[in-house]
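Note sheet for the following structure.
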Amino acid sequence: MSTTTVTTDRRVPPLGGFSGRLLGLELRRLLRNRRAVIFTLVMPSVFFLLFGTDGDYKSDRVGAGNWTAWIMVSMAVYGAMIATTSGGAMVATERAVGWSRQLRLTPLNPVAYIAVKALVAMTMGLAAVVAVFVVGSLVGADLPLWRLLLCGAIAWVCSLVFAAFGLFMGYLLPSENVMQILGPGLAILSFAGGLFVPLSQFSDVFATIAKLTPAYGVGELARAPFGGEDDLALAALNVVAWGVVFVLGAAWRMSKDTQRV
Amino acid sequence: MNTTSAVRLAGVTKTFGSVRAVDALDLTIEPGEVVAFLGPNGAGKTTTVDMLLGLSRPTSGTVEVFGGDARRAVALGRVAAVMQTGGLLKDFTIRETVELTASLFRPARPVDEVLERAGIADIGDRLVGKASGGQQQRLRFAMALLPDPALLVLDEPTTGMDVQGRRDFWSAIRDDAERGRTTLFATHYLEEADAYADRIVLVRRGQVVADGSAAQVKAMAAGRTVRATWPGADSRALAALDGVDGVDVRGDSVVVHGSDSDTIARFLLTNTPATDLEITSRNLEDAFVALTADPAEGVLA
């Protein structure tokens with residue numbers, strides 16, 4: 001059996017404790033959470049089927065695709081937003097139940113911990129995008145494949161902004177049920193950002209305000225491969241600006257948290 | 001390596017606002033000792049343990065674990081702990097929780113081994129949320145065994161365990177202690193401290209008020225009681241002995257209470273016809289109450 005003298009070959013783990021094993025276990029845990037799976041993988045597809053499969057939407061063209069494809073991309077962005085936000089917000093639960101305190105009794109580096117959370121969030125985001133795209137392709141979303149893939153890739157990469165948002169909120173709101181607050185919040189942001197209803201349906205004042213909300217930029221950029229959009233610079237600025245705000249916010253709350261140890 | 005203390009706290013003070021949770025506390029623990037850390041709620045036990053684990057820093061004073069920084073000792077797995085406040089995630093299974101923790105330590109004991117030693121090998125696939133309080137506590141213990149720590153810190157380790165669980169737990173702790181593992185535990189079960197610790201450290205208001213073996217601590221607080229059969233006992237002669245603070249004649253029995261039971265017994269056996277001598281110490285709980293009570297409340301008369 002083991003000797004309990006102070007051994008000299010003790011080391012701290014490489015990469016601050018980050019490993020594929022840790023990532024795999026965290027993903028397995030998230031997939032076990034039925035509510036998370038329903039909200040990220042099922043609901044966006046259901047919304048898409050409700051709003052996007054009208055006969056006219058399949059025949060009416062928008063840029064290089066049909067309206068069904070356009071709505072599919074919007075719903076994929078919505079799904080990725082929920083997935084990445086809830087992935088980031090997992091830190092709230094872990095803080096609330098004291099798991100982060102338990103982890104402080106291990107060599108796990110806080111940066112490695114955040115990296116795992118971000119990667120789990122982004123993996124869920126990818127799954128959310130793929131789920132909506134698969135359903136969309138089955139029911140008549142029409143867009144050339146390379147444009148479709150580009151839409152998906154942009155939606156996914158831009159949802160990093162919401163992973164940061166989730167982390168920020170996760171550190172700001174130390175509650176076990178943080179997604180019950182964030183879920184409705186994300187629905188409002190999605191509506192305001194033109195994911196559920198095109199901004200052209202809004203009054204001028206509301207459309208202007210909408211362009212300042214965080215879901216707007218991600219949605220516009222993700223639908224850019226349809227062609228014909230003119231406000232891409234504004235959309236990119238929106239994504240970058242909100243990304244900076246959320247990353248700085250998360251970093252600020254996180255440093256407060258680790259100071260307290 | 002043998003000359004390095006497992007724990008060295010020197011003049012450690014920790015204040016929260018105007019509250020002095022720990023007040024110039026000195027404590028040295030040598031490798032291989034099993035130390036019970038006792039005190040009433042709010043005595044500064046948890047605050048001290050937190051500093052030992054690098055979870056907080058002292059306002060002033062020195063905290064050394066194996067001659068170095070506490071955080072570093074934790075990161076290297078020299079120190080592990082079972083903390084009451086350490087939460088578990090409901091959505092992991094017991095085995096996954098241990099696997100995750102094992103992935104962080106270099107080196108780590110095999111997962112099956114620690115599950116076995118903590119007595120939860122048969123419920124590894126159970127979700128943590130479905131495990132009982134005692135099983136969760138065993139899980140925390142399994143996690144603490146992973147880095148094969150040289151110092152194990154336990155905060156109320158047997159909370160929620162049944163009698164059998166408690167017995168298994170302490171036998172595992174004693175086995176490791178015999179192989180040289182230093183153990184520091186805080187507990188509310190005074191009989192556990194009495195039975196399993198080599199040394200008892202009593203704290204009150206952030207300071208050590210008693211430090212020694214269980215027998216020493218008991219004697220410090222309350223002395224011992226000597227009972228003998230002696231019809232017509234001369235209570236005045238007994239009361240005149242050194243250190244005697246109470247003589248009680250009950251029929252044919254006499255009960256003498258004092259700090260020096262040896263002198264009382266010697267007197268009874270050599271100078272009187274007393275028979276059936278019994279010497280008892282007061283139990284640890286009496287000592288605990290006497291030593292840690294607030295003098296203002298009049299308990300320590």
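Per chain, numbering begins at 1; letters A, B, ... match sequence-line order. This structure is a prediction, so every number in the text was calculated from the model and none was measured.
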Practice task
Go through the steps for A:Leu22 and B:Leu100 under the test side-chain contact (heavy atoms from CB on, under 4.5 Å), then give the verdict.
Solution key: CA-CA 6 Å; A:Leu22 182 56; B:Leu100 186 149; 3.4 Å; yes
ask   = Should B:Thr93 and A:Arg28 be marked as a side-chain contact (heavy atoms from CB on, under 4.5 Å) after you check the CA-CA gap, both sets of side-chain angles, and the distance that decides it?
value = CA-CA 10 Å; B:Thr93 64; A:Arg28 206 195 294 177; 5.8 Å; no
Residues A:Leu25 and B:Phe92: closest non-hydrogen pair is O-CE2, 3.4 Å
Count the heavy atoms of every other residue, nucleotide or ligand shown that sit under 6.0 Å from CZ of B:Arg174, and state whether that count exceeds 12.
-> yes
| task | Please confirm whether the backbone N or O of A:Arg10 pairs with a side-chain atom of B:Arg78, one donor and one acceptor, at under 3.5 Å? | result | no
Shortest non-hydrogen pair, B:Phe105 vs A:Leu105, comes out as CZ-O, 3.6 Å
Under 4.5 Å to a heavy atom of chain A? For B:Ala81 that would be both
The interface call for A:Arg11 against chain B, heavy-atom contacts under 4.5 Å, is both
For B:Glu96, is there an ion pair with A:Arg29 - N to carboxylate O distance below 4.0 angstrom? no
task = Would you indicate whether A:Phe191, at its atom CZ, is surrounded by more than 12 heavy atoms from other residues, nucleotides or ligands within a distance under 6.0 Å?
result = no
Counting only heavy atoms from other residues, nucleotides and ligands, does the tally under 6.0 Å from CZ of B:Arg166 exceed 12? yes
### Message
Any salt bridge linking B:Asp50 with A:Arg101? Criterion: basic side-chain nitrogen under 4.0 Å from a carboxylate oxygen.
### Response
yes
A:Pro107 and B:Leu104 have their tightest heavy-atom pair at CG-O, 3.4 Å
Bottom line for A:Ser19: the part with an atom under 4.5 Å from chain B's heavy atoms is side chain
Whatever's closer than 4.5 Å to a heavy atom in chain B on A:Leu103 counts as side chain
Heavy-atom side-chain proximity of A:Pro14 to B:Arg106 below 4.5 angstrom: yes
CG of B:Asp91 to OG1 of A:Thr93, rounded to nearest 0.5 Å, is 9.0 Å
**Item:** Side-chain (A:Arg104) to main-chain (B:Leu55) donor-acceptor, under 3.5 angstrom
**Value:** no
Side-chain contact, heavy-atom cut-off 4.5 Å: B:Leu127 with A:Arg32?
yes
